[in-house]
Amino acid sequence: MDQPPPLLSAEQISNRVDELAAEIDEAYADTEMLVLIGVLKGSFIFLSDLARRLHVPHRVEFIAVSSYGAKESEHADPVRLIMDVRHGIDGHDVLLVEDIVDTGHTLAYLKRLFAAHEPKTLGTCALLHKPDRTEQEVEVDYLGFTIPDVWVVGYGLDYAERHRTLPYIGELPPAMR
Ligand code: 5GP
């Protein structure tokens, strides 16, 4: 199988994840417990690398969301939760961890949803951001890389479940889809 051409090498990603972990460690130096909430499936590799570099006390939760299709796009919320956290987050420092912010709808929805659970603080972290695609502005407190409007795979990200475990982030040209 042909491999997608690299956009970000494994080394670039690893160096940036080191930096993000250091920033998060500093920001949450006084936390009693930082709850990292990863959005499945795309964030599973990023979150596992990030969490293993943290020194502050933390625990890991995963959630899953699903996007409504084009036919349902008139729905008020283009995103819905299909798997929730196992343990309550009220009163905790919470950091939402996304693979990529594209239109911004998913992260904006999750911020609204989890704010309603009354965490002590609610932060956002994403490995990638495609600013050219923004439909809904949403602040990302800890961002890995800004990338152009291309379809990326690897390091947790897929195309129809393929390429998810590539060690780097590659750009999947239309001809390879
Ligand atoms: P948003 O709600 O910001 O438009 O979309 C976020 C979700 O879309 C991401 O969590 C991811 O699942 C998917 N997504 C957006 N762009 C890409 C991409 O380039 N590659 C992959 N694999 N998923 C993407």
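Start at 1 and go down the list; that is how both ligands and their atoms are numbered. The basis for the numbers below is simple: all heavy atoms, side chains too, and nothing from hydrogens, waters or symmetry mates.
For ligand 1, the polar-atom distance check against Thr106 finds a nitrogen or oxygen pair separated by under 3.5 Å. Polar contact check, Val101 against ligand 1: no nitrogen or oxygen pair lies under 3.5 Å apart.
Ranking protein heavy atoms by distance to atom 10 (O) of ligand 1, first place goes to Asp99 OD1, 2.8 Å. Residue, atom and distance of the protein heavy atom nearest to atom 22 (N) of ligand 1 are Asp158 O, 2.7 Å. Protein heavy atom in closest approach to atom 20 (N) of ligand 1: Val152 O, 2.7 Å. Shortest contact from atom 11 (C) of ligand 1 to any protein heavy atom: Ile100 CG2, 3.6 Å. In terms of protein heavy atoms, atom 8 (O) of ligand 1 is closest to Asp102 CB, 4.5 Å. Closest protein heavy atom to atom 16 (N) of ligand 1: Lys130 NZ, 3.2 Å.
Within the 3.5 Å criterion, the main-chain N or O of Leu172 finds a donor-acceptor partner in the side chain of Arg177. With hydrogens and angles ignored, the 3.5 Å screen pairs a side-chain donor or acceptor of Glu61 with a backbone N or O of Arg86.
Residue Gln136 places every heavy atom at 4.0 Å or more from ligand 1. For the ligand labelled ligand 1, residue Trp151 lies inside the 4.0 Å heavy-atom shell. Between Gly42 and ligand 1 there is no heavy-atom distance shorter than 4.0 Å.
Looking at Glu98 against ligand 1, only its side chain comes within 4.0 Å, counting heavy atoms.
Ring geometry, Tyr159 versus Trp151: the interplanar angle exceeds 60°, so the pair is classed perpendicular (tilted spans 30 to 60°).
Glu135 CD: more than 12 foreign heavy atoms inside a 6.0 Å radius. Surrounding CG of Asp84 are more than 12 heavy atoms belonging to other residues, nucleotides or ligands, all under 6.0 Å away.
Remark: ligand 1 atoms within the under-4.0 Å shell around heavy atoms of His105 are 2 (O), 3 (O).
For atom 4 (O) of ligand 1, the nearest non-hydrogen atom from the set Thr103, Leu110, Val150, Val79 belongs to Thr103.
Contact between Leu50 and Ala21 at its shortest, heavy atoms only, is CD1-N, 3.9 Å. Shortest non-hydrogen contact noted between His129 and Thr134 is NE2-OG1, 3.9 Å.
Salt bridge status for Glu161 with Lys41: present, with a side-chain N to carboxylate O gap under 4.0 Å.
Of the candidates Thr124, Val35, Ile89, Ile89 is the only one forming a side chain to side chain contact (heavy atoms under 4.5 Å, CB included) with Phe114.
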